[in-house]
Amino acid sequence: MFWKSISLAGLMVFAVSYLTGCGGSSASPSVHVTASAATVDGTGTVTLTATVTNDTGSDGVTWSVSGAASTTLTSSTTSSVTFTAPAATA
């Protein structure tokens with residue numbers, strides 16, 4: 001049985017895979033990600049927003065999906081992305 005609803009807290013639906021512009025700062029960069037909803041139903045969407053601190057180059061993040069088939073990332077910027085969940089199966 002596939003997910004009827006995906007818990008964004010329990011499933012890593014994205015990976016902040018690369019943070020550029022890290023050099024030159026004495027403080028390490030950090031990323032805080034928030035979601036527009038805690039869960040998303042099959043084929044539903046949720047917007048993920050990253051807040052980066054100590055990003056000396058103002059480069060933000062690069063988004064990717066890991067571990068979930070048939071998912072889609074759209075409207076990707078260096079600070080947000082829209083995640084579309086795979087269709088639910090019975």
Side-chain angles (χ1 to χ4, degrees):
M1 180 174 180
F2 202 79
W3 303 288
K4 178 138 179 120
S5 177
I6 296 175
S7 170
L8 296 179
L11 174 66
M12 177 165 263
V13 296
F14 63 90
V16 178
S17 62
Y18 188 71
L19 180 62
T20 60
C22 296
S25 174
S26 60
S28 298
S30 64
V31 179
H32 177 78
V33 178
T34 57
S36 61
T39 61
V40 59
D41 292 330
T43 70
T45 62
V46 64
T47 299
L48 304 171
T49 303
T51 303
V52 184
T53 57
N54 300 319
D55 183 9
T56 59
S58 299
D59 295 313
V61 297
T62 299
W63 301 90
S64 65
V65 176
S66 177
S70 302
T71 58
T72 306
L73 297 178
T74 56
S75 303
S76 180
T77 70
T78 58
S79 63
S80 68
V81 68
T82 299
F83 168 82
T84 303
T89 58

Fill in: Closest heavy-atom pair and its distance - Trp63, Ser76
CD1-OG, 3.6 Å
Fill in: Heavy-atom closest contact (Ser28 atom, Asn54 atom, distance)
O-ND2, 3.1 Å
Worksheet item: Can you name the nearest heavy-atom pair linking Val46 to Ser36, along with the distance?
Response: CG2-OG, 3.2 Å
Worksheet item: What are the two closest heavy atoms between Asp59 and Asp55, and how far apart are they?
Response: N-OD2, 2.9 Å
Fill in: Residues in side-chain hydrogen bond (donor to acceptor under 3.5 Å, both in side chains) contact with Ser80, at least two apart in sequence or another chain
Thr77
Worksheet, complete the sentence: When Val52, Leu48, Val81 are each screened for side chain to side chain contact (heavy atoms under 4.5 Å, CB included) with Val61, the one that passes is Val52
Fill in: Contacts of type side-chain contact (heavy atoms from CB on, under 4.5 Å), residue Thr78, not counting sequence neighbours
none
Worksheet entry | Phe83 side chain near Leu73 side chain, heavy-atom distance below 4.5 Å | yes
Fill in: Sequence-distant partners of Ser75, side-chain contact (heavy atoms from CB on, under 4.5 Å), two or more places apart
Thr82
Worksheet entry | Short side-chain donor-acceptor distance under 3.5 Å, Ser30 and Thr53 | yes
